[in-house]
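The structure under discussion appears below in the form of structure tokens.
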There are 4 protein chains.
Amino acid sequence: MNSTDKKFRRRAEARPDEMLDAALAVFAEKGFAATKVDEVARRAGVSKGTVYLYFPSKEALMEGIVRRAVAPIAERALPDMAQFEGDPRLPIAMLVHTLQNLLSDPNNLAVPRLILREIMNFPAIAELYRREVLGKVIPALTALVARGVASGQLRKVDPEMTVRSIVGPIVAHVALSEVFGVRPEEGLALDRLVENHLDILFHGISPAGGEETP
Amino acid sequence: MNSTDKKFRRRAEARPDEMLDAALAVFAEKGFAATKVDEVARRAGVSKGTVYLYFPSKEALMEGIVRRAVAPIAERALPDMAQFEGDPRLPIAMLVHTLQNLLSDPNNLAVPRLILREIMNFPAIAELYRREVLGKVIPALTALVARGVASGQLRKVDPEMTVRSIVGPIVAHVALSEVFGVRPEEGLALDRLVENHLDILFHGISPAGGEETP
Amino acid sequence: MNSTDKKFRRRAEARPDEMLDAALAVFAEKGFAATKVDEVARRAGVSKGTVYLYFPSKEALMEGIVRRAVAPIAERALPDMAQFEGDPRLPIAMLVHTLQNLLSDPNNLAVPRLILREIMNFPAIAELYRREVLGKVIPALTALVARGVASGQLRKVDPEMTVRSIVGPIVAHVALSEVFGVRPEEGLALDRLVENHLDILFHGISPAGGEETP
Amino acid sequence: MNSTDKKFRRRAEARPDEMLDAALAVFAEKGFAATKVDEVARRAGVSKGTVYLYFPSKEALMEGIVRRAVAPIAERALPDMAQFEGDPRLPIAMLVHTLQNLLSDPNNLAVPRLILREIMNFPAIAELYRREVLGKVIPALTALVARGVASGQLRKVDPEMTVRSIVGPIVAHVALSEVFGVRPEEGLALDRLVENHLDILFHGISPAGGEETP
DNA sequence: CATGAATGAGAGTTCATTCAT
DNA sequence: CATGAATGAACTCTCATTCAT
């Protein structure tokens with residue numbers, strides 16, 4: 001009860017996570033290059049040396065942040081989509097709404113923002129993201145669209161390219177807002193964007209006289 | 001005796017431009033932070049001091065690159081679009097094809113790539129881009145869509161959000177390719193993307209039984 | 001095992017002082033501008049970075065030197081003088097002799113020499129010196145002379161200007177020697193200067209038939 | 001009358017002097033180290049290269065300034081003093097008043113100020129000054145005092161040290177004012193200083209019951 | 001485990017000086 | 001004579017990383 005009391009144990013085990021939290025906060029605020037390890041340590045309530053006890057380098061902090069954020073994505077909603085058999089517009093709408101929910105919470109936005117900001121300086125992160133997220137989401141979506149086209153539930157569109165039409169408007173909307181500060185008066189208004197986007201998308205990919213948006 | 005001998009190059013008025021070319025090349029290759037002014041100078045065939053003769057700082061090189069690239073954009077195709085009276089799908093298709101042409105040339109791609117890579121560390125550049133490019137293109141496009149909706153040539157879509165549906169797929173396509181290396185086997189295949197995109201888009205925004213893609 | 005082995009010196013609280021010593025030595029030798037921080041570090045037995053661990057800039061070293069040297073001056077002999085009630089020539093002689101002692105030791109001379117050399121490039125130091133040293137010594141001396149005049153122990157001299165007559169000859173003597181290398185054959189011969197100076201001064205400010213030099 | 005008209009000739013011949021004027025102005029304002037040759041050139045209305053046409057280095061400008069200012073001093077009032085036969089207090093008073101006049105004009109103050117500021121970084125200048133000015137003034141003054149002592153017109157003072165008592169108060173007064181900004185409310189008030197100084201000095205060096213200040 | 005003092009390679013920037021025109 | 005574009009050595013300061021305690 002002395003050296004193993006709550007405080008001590010929690011600290012010992014949660015340390016790496018606390019450091020990633022601190023690093024994310026500072027990276028998000030100042031960018032990777034402008035962030036000093038000293039400040040990450042301070043924000044995490046430890047000394048600079050301790051950071052290096054858990055992470056071999058400043059870059060490793062960056063990778064740790066991304067790895068932690070990316071991990072749950074792959075396991076989550078993907079399997080469902082891949083095996084879905086019915087109207088492909090349903091999982092497409094689900095995916096879009098999942099994205100919407102994800103992006104609505106500023107907390108969730110911090111990591112993508114950071115990735116967007118730094119990715120071109122971190123080939124390893126780009127590769128990780130490509131492999132763990134895009135490499136799973138894109139093929140699943142492509143297959144979904146392809147099945148829809150094959151079954152006649154969708155018009156004869158190019159499945160691979162259509163994936164860009166599904167996520168593109170959302171990406172563009174968030175990028176405009178986050179990078180350039182171009183946003184509607186209401187704020188992000190993601191719901192408005194999603195509604196209009198799905199409306200156009202489904203009109204665009206459904207056969208003439210096709211069903212309405214699910 | 002040719003135009004590149006030493007004597008001619010001295011005092012050449014093209015000096016600043018040559019430096020921006022060199023800077024663009026190195027920034028594109030290594031990123032802003034990892035680029036040494038020394039290397040920009042070497043690549044431009046001058047000494048480090050000479051760079052500072054024309055640009056007060058390394059950052060000024062970055063700004064110079066963007067400013068030079070952004071300048072012609074605003075003056076170019078915008079006015080036409082704003083005053084166009086007929087089928088709004090025509091100028092939309094034109095804009096998309098203009099983008100396609102622009103992005104097809106790897107030379108033209110270098111600046112947007114660089115901007116994408118560094119913009120979050122250069123608020124001034126983001127602001128410049130927002131003001132000079134987005135601040136002109138987006139309102140023009142929005143008005144165009146709004147007119148189309150008003151005239152009944154387009155379905156009742158949200159003009160402001162629809163702009164994201166027009167450029168989003170292209171942005172996503174280029175970003176996937178340039179940032180993550182996710183691209184079709186043929187390479188960028190921008191034509192395939194554009195064809196599919198316009199197909200879906202126009203089906204998505206045209207009234208039921210509307211005209212075909214222009 | 002002695003007090004200068006590596007382990008003991010690490011974290012020593014004397015670090016800043018050691019650096020000031022080193023800086024003073026190099027500044028005195030080469031002047032501020034011609035001194036490289038690297039050399040200060042080497043002379044202090046540390047690395048360049050360590051200097052910046054304790055002092056934020058090269059200028060801060062300069063200020064540190066002066067501040068450290070100036071600190072004890074104000075607290076020392078001033079209070080006595082201010083409250084002295086008897087013959088004002090006594091504390092004047094004491095002050096002059098204190099100066100004489102101070103300036104006799106080449107070690108003590110280093111700081112004034114450095115100040116003299118660099119002061120015009122360091123307004124902050126001039127201000128510090130003015131406030132902490134001159135701002136206390138001069139008014140005290142002035143008051144002393146004024147009291148002497150009022151009590152009739154001194155002739156009717158201008159107290160404020162007489163202060164210049166008290167310290168001027170010493171300043172001139174040291175400046176001639178230190179700056180221009182003009183000095184008697186014996187060396188500085190401060191005692192000779194002081195004796196002659198006080199002889200003239202006291203004859204100059206005492207009433208006709210006044211007392212002898214104390 | 002074409003290529004030798006006033007403008008051209010004056011420029012050609014007065015160039016070096018104009019450059020020294022410009023250099024003095026900038027050195028006085030910013031100090032030697034902080035002055036850029038570029039600015040001296042600009043202030044002189046010529047190009048940087050032209051400065052190097054007349055002066056081999058930045059330091060040479062400094063030396064030129066001092067040499068030009070020092071030249072007339074030696075030839076001027078010195079001979080008179082050396083051969084003066086009457087009351088030595090007369091030439092002493094004259095010297096002090098000459099100094100007073102010299103220092104009263106801010107224009108004349110610029111060079112001494114600059115010398116004071118930079119001399120310790122320019123051994124050559126110190127040496128020049130020592131040789132050309134001090135080496136002549138001090139022996140002359142010393143001899144004068146010695147003669148006064150020998151003739152009984154002055155008390156038995158140490159001639160060499162007494163020189164410090166003659167110029168010291170003035171030096172101290174100017175240094176206090178120029179270096180530390182310590183000055184009477186009226187401004188420099190050199191006349192007040194000189195009057196009090198000579199009063200004390202002559203009372204100090206004259207035999208008891210000696211004559212009044214000339 | 002944790003600390004934080006110490007390191008030192010490295011980069012941006014300045015500016016006296018040169019020299020082709 | 002005059003120019004001013006070009007040079008490049010030199011310097012200050014930063015900060016990721018190490019390691020003795």
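Numbers restart at 1 for each chain; the letters A, B, ... are given by sequence-line order, proteins then strands.
Each of L53(B) and G49(A) was assigned the nucleotide of DNA chain F with the nearest heavy atom; the assignment lying further toward the 5' end belongs to L53(B).
By the side-chain contact (heavy atoms from CB on, under 4.5 Å) test, A69(C) is found to be paired with V111(C), residues two or more places apart in sequence or in another chain being considered. Looking at residues two or more places apart in sequence or on another chain, you find a salt bridge (Lys or Arg N to Asp or Glu O under 4.0 Å) between K48(D) and D38(D). Scanning for ring-ring contact (aromatic ring centres under 6.0 Å, His included) contacts around F55(D) gives an empty result, with sequence neighbours left out. With sequence neighbours excluded, no residue forms a side-chain hydrogen bond (donor to acceptor under 3.5 Å, both in side chains) with K36(B). E178(B) pairs by the salt bridge (Lys or Arg N to Asp or Glu O under 4.0 Å) definition with R113(B), not counting sequence neighbours. Evaluation of the salt bridge (Lys or Arg N to Asp or Glu O under 4.0 Å) rule for R42(A) yields no partner, not counting sequence neighbours. Applying the salt bridge (Lys or Arg N to Asp or Glu O under 4.0 Å) rule to R67(A) yields the partners E63(A); only residues at least two apart in sequence or on another chain are considered. Residues passing the ring-ring contact (aromatic ring centres under 6.0 Å, His included) test with Y52(B), sequence neighbours excluded: none.
Side-chain contact between F27(C) and L61(C): present, with at least one pair of heavy atoms (C-beta onward) separated by less than 4.5 Å.
For dA6(E), neither phosphate oxygen OP1 nor OP2 lies less than 4.0 angstrom from any side-chain nitrogen or oxygen of S47(C). The side chain of Y54(B) places an N or O atom within less than 4.0 Å of a non-bridging phosphate oxygen (OP1 or OP2) of dA6(F). Taking side-chain N and O atoms only, Y52(C) has a distance below 4.0 Å to OP1 or OP2 of dC13(F). Dashed line: the shortest gap from a side-chain N or O of T50(A) to OP1 or OP2 of dT3(E) is under 4.0 Å.
Side-chain to base pairing of K48(A) with dT3(E): no donor and acceptor N or O lie closer than 3.5 Å to each other.
The separation between F55(D) atom CZ and dA16(E) atom C1' is 16 Å, rounded to whole Å.
Helical stems involving DNA chain F, defined as 3 or more consecutive Watson-Crick or G-U pairs under 3.5 Å, span E:2-21 with F:2-21.
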Residues E118(B), R117(A); criterion salt bridge (charged side-chain N to carboxylate O under 4.0 Å, His left out); working and verdict
CA-CA 7 Å; E118(B) 304 292 349; R117(A) 181 171 185 170; over 6 Å; no

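Between dC1(E) and dT21(F), the distance separating the two C1' atoms is 13 Å to the nearest Å.
Contacts between residues 23-39 of chain C and DNA chain F, counted as heavy-atom distances below 4.0 Å, involve T35(C), K36(C), V37(C). Residues from residues 56-64 of chain B that place a heavy atom under 4.0 Å from any atom of DNA chain E, listed by number: S57(B), K58(B).
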Donor-acceptor contacts, no H, no angles, side chain residues 19-26 of chain B, under 3.5 Å, sequence neighbours left out:
| residue | atom | partner | partner atom | Å |
| --- | --- | --- | --- | --- |
| D21(B) | OD1 | R68(B) | NH1 | 3.0 |
| D21(B) | OD1 | R68(B) | NH2 | 2.9 |

